[in-house]
Amino acid sequence: MSQQHVLRFPPGFLWGTASAAYQCEGGNTNNQWYRWEQEGHILSGDTCGQAADWWEHAEHDFLLAEQMENNALRLSLEWSRIEPVEGQWDSTALERYRAMLLDLRRLHLTPVVTLHHFTDPLWFTERGGFAHGENVRFFIRYVQHVVAALQDVNSFWITFNEPNVYAFQGYLMGVFPPGEKDLVRTFQVLRNLMQAHVEAFYAIRTIRPQAQIGYCLHYRLFDPANSLSLLDRSAASIQENMFTWSALQAGETGRFTFPAGRVLSPLVHAAGARDYHGVNYYTREIVSFDPRRPAEAFGRRFVRPGSVRNDDGLSDSFGEIYPWGLYRILKSVYQRTRGNKPLYITENGFSDRLDDRRPAALLAHLAVLQRAIQDGIPVRGYFHWTLVDNFEWNDGWYVRFGLIELDPVTQKRTPRRSASMFGEICQANAITEAIVERYAPELNNIIFGTTDALSRQIPV
Ligand code: BGC
């Protein structure tokens, strides 16, 4: 009998899915995203409504995660439920979250809790939100309240999900609330979020010295359309720096890279303020020089022609499925941070309603991840976005990221093929040849081949 290939993950590796309160809970009517929805900005015309009904029945889905052999689960808390009115705390909301976290622990799923995933209470929005540095204190007060209340049932905290997406989508691209298009303000919001992270880190550390505390960024690659063109290269590199690396560098050293660093003062006490690096990775973009786009560093972004793609959103493309990008990002984060902390993939996923690309895409990303670990990059866990289909921000229900399909009207769940594949990988803590043969045999030679094979465009 021929030898079966296996790609093993380290013992104790965390396997889970990631989600966010507004996208899953339903009935959140007290934050700026609900207002945005009421104002008619959701491109599909959908409403979040009951979402995946987690406020009432998250436990049903936790059980599905356990049946999928996961050993961890990332969710977020909704600030507007916990502090619905400035300075007033709703203890029943905290009790509900405590019940969810206890249920996860009962199922042997390590909870990972995000304190802020894009939504702000309306009262905070009225005060100008994170555009005003003096408002950071409100966030810290909320963090102190929550961590003091839940520290006995959770010790793995993510302060902010993707400060770079919140700032750029809301203040430069104008597609998230508040819908502004102002570069300087974008930078200021990014700085305020990063400073808020630093202060939240120390606040949590004081309450719970043993806690794991970090933040996650959205890491996107921007590659020049023509690598021989100086103009394409500089537009791509400025965009990548602005969106991807500026926040990481500020988190490490306090200083933002050019151009944000030209207008922002350094963060205070940033160095050392995280226990791990949270990496959200989805895609890359191709950039060509375009003199008509000064606000975007003279770069036009597009999806690489001929690439395998995610399902498109209504206004935007969810881009190329580019597994090797995960390796490039992990290596770059590792090098830029001098390997000072472990890494977690806090999000990675695909919009693929029919699930006809996801199994191969997921396998390829996990094989690339395993290669990065083999090469010495200390990645300790992988959280797939997402468990069940959820409300995809301004795309509403139009695009589907779930391992499990959800009908938001009937609330019926139907596991996609990817769910069983992910379950098999989690159970084995490995990618086995049998799994590859079952779900994407065309990848066998590549996945179990050389780094060179893996780094070439993987046909998913
Ligand atoms: C966000 C999620 C979102 C996902 C897919 C991430 O940037 O954190 O909330 O659903 O991308 O677009």
Side-chain angles (χ1 to χ4, degrees), residues 16-25 28 31-34 36-37 42-44 46 48 51-52 54 73-79 112-120 158-170 172-173 175-177 190 193 197 214-221 243-244 247 278-285 303 309-322 325-326 329 344-353 357-358 361-362 365 382-404 406 408 418:
T17 54
S19 61
Y22 189 70
Q23 297 180 270
C24 290
E25 287 177 357
N28 280 318
N31 62 36
Q32 95 283 28
W33 263 96
Y34 181 70
W36 187 249
E37 189 180 309
I42 306 301
L43 301 168
S44 56
D46 295 329
C48 182
W54 277 27
L73 188 138
R74 175 183 167 212
L75 49 69
S76 81
L77 307 184
E78 178 59 36
W79 180 8
V112 173
V113 175
T114 315
L115 290 155
H116 185 277
H117 194 128
F118 296 167
T119 50
D120 301 320
I158 298 178
T159 55
F160 283 97
N161 180 70
E162 301 184 341
N164 50 345
V165 168
Y166 178 100
F168 280 85
Q169 297 282 78
L172 184 66
M173 308 310 290
V175 293
F176 278 17
L190 187 63
L193 291 167
H197 159 74
Y215 62 94
C216 52
L217 289 174
H218 188 111
Y219 289 93
R220 216 173 241 269
L221 291 164
F243 183 77
T244 300
V279 174
N280 293 2
Y281 170 73
Y282 286 87
T283 192
R284 73 158 156 191
E285 302 195 56
V303 182
R309 299 167 68 134
N310 288 283
D311 292 344
D312 281 338
L314 285 165
S315 74
D316 220 347
S317 145
F318 281 89
E320 175 180 1
I321 296 177
Y322 176 48
L326 181 60
I329 286 291
Y344 289 87
I345 309 295
T346 34
E347 284 180 31
N348 168 237
F350 317 97
S351 61
D352 177 14
R353 177 184 292 266
R357 282 144 289 158
R358 190 181 284 104
L362 178 50
H365 279 76
Y382 173 89
F383 292 83
H384 189 77
W385 186 274
T386 185
L387 181 60
V388 289
D389 288 337
N390 61 32
F391 190 74
E392 180 53 37
W393 306 111
N394 50 347
D395 272 297
W397 295 104
Y398 186 77
V399 287
R400 302 306 186 101
F401 278 88
L403 292 169
I404 298 172
L406 170 75
S418 296

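In each ligand, atom 1 is the first atom listed, and ligand 1 is the first ligand listed. The residues of the chain are indexed from 1 along the displayed sequence.
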- [ ] Check for a donor-acceptor pair, side chain of Asp312 on one end and backbone N or O of Ser317 on the other, with a separation under 3.5 Å.
- [x] no
- [ ] Using a strict cut-off of less than 4.0 Å between a Lys/Arg side-chain nitrogen and an Asp/Glu carboxylate oxygen, indicate whether Asp311 and Arg357 qualify as a salt bridge.
- [x] yes
Open item on the list: Test your reading of the model: is there a side-chain donor-acceptor pair from Thr346 to the backbone of Val279, 3.5 Å cut-off?
Closed with: yes
Open item on the list: Given 3.5 Å as the limit, does a donor-acceptor pair link the side chain of Asn390 with the main chain of Cys24, or not?
Closed with: no
Task: Residue that, paired with Glu347, satisfies side-chain hydrogen bond (donor to acceptor under 3.5 Å, both in side chains) out of Tyr281, Tyr282, Trp385 - done: Tyr282
Kindly print each ligand 1 N/O atom paired with any protein N/O atom under 3.5 angstrom away, one pair per line, or none if nothing qualifies.
| residue | atom | partner | partner atom | Å |
| --- | --- | --- | --- | --- |
| ligand 1 | 7 (O) | Glu162 | OE1 | 2.6 |
| ligand 1 | 7 (O) | Glu162 | OE2 | 2.9 |
| ligand 1 | 7 (O) | His218 | ND1 | 3.3 |
| ligand 1 | 8 (O) | His117 | NE2 | 3.2 |
| ligand 1 | 8 (O) | Asn161 | ND2 | 2.9 |
| ligand 1 | 8 (O) | Glu162 | OE1 | 3.3 |
| ligand 1 | 8 (O) | Glu347 | OE1 | 3.0 |
| ligand 1 | 8 (O) | Glu347 | OE2 | 3.0 |
| ligand 1 | 9 (O) | Gln23 | OE1 | 2.8 |
| ligand 1 | 9 (O) | His117 | NE2 | 2.9 |
| ligand 1 | 9 (O) | Trp393 | NE1 | 2.8 |
| ligand 1 | 10 (O) | Gln23 | NE2 | 3.0 |
| ligand 1 | 10 (O) | Trp385 | NE1 | 3.2 |
| ligand 1 | 10 (O) | Glu392 | OE1 | 2.6 |
| ligand 1 | 12 (O) | Glu392 | OE2 | 2.7 |

TODO: Would you confirm whether Thr244, through its side chain, and Arg220, through its main-chain N or O, come within 3.5 Å as a donor-acceptor pair?
DONE: yes
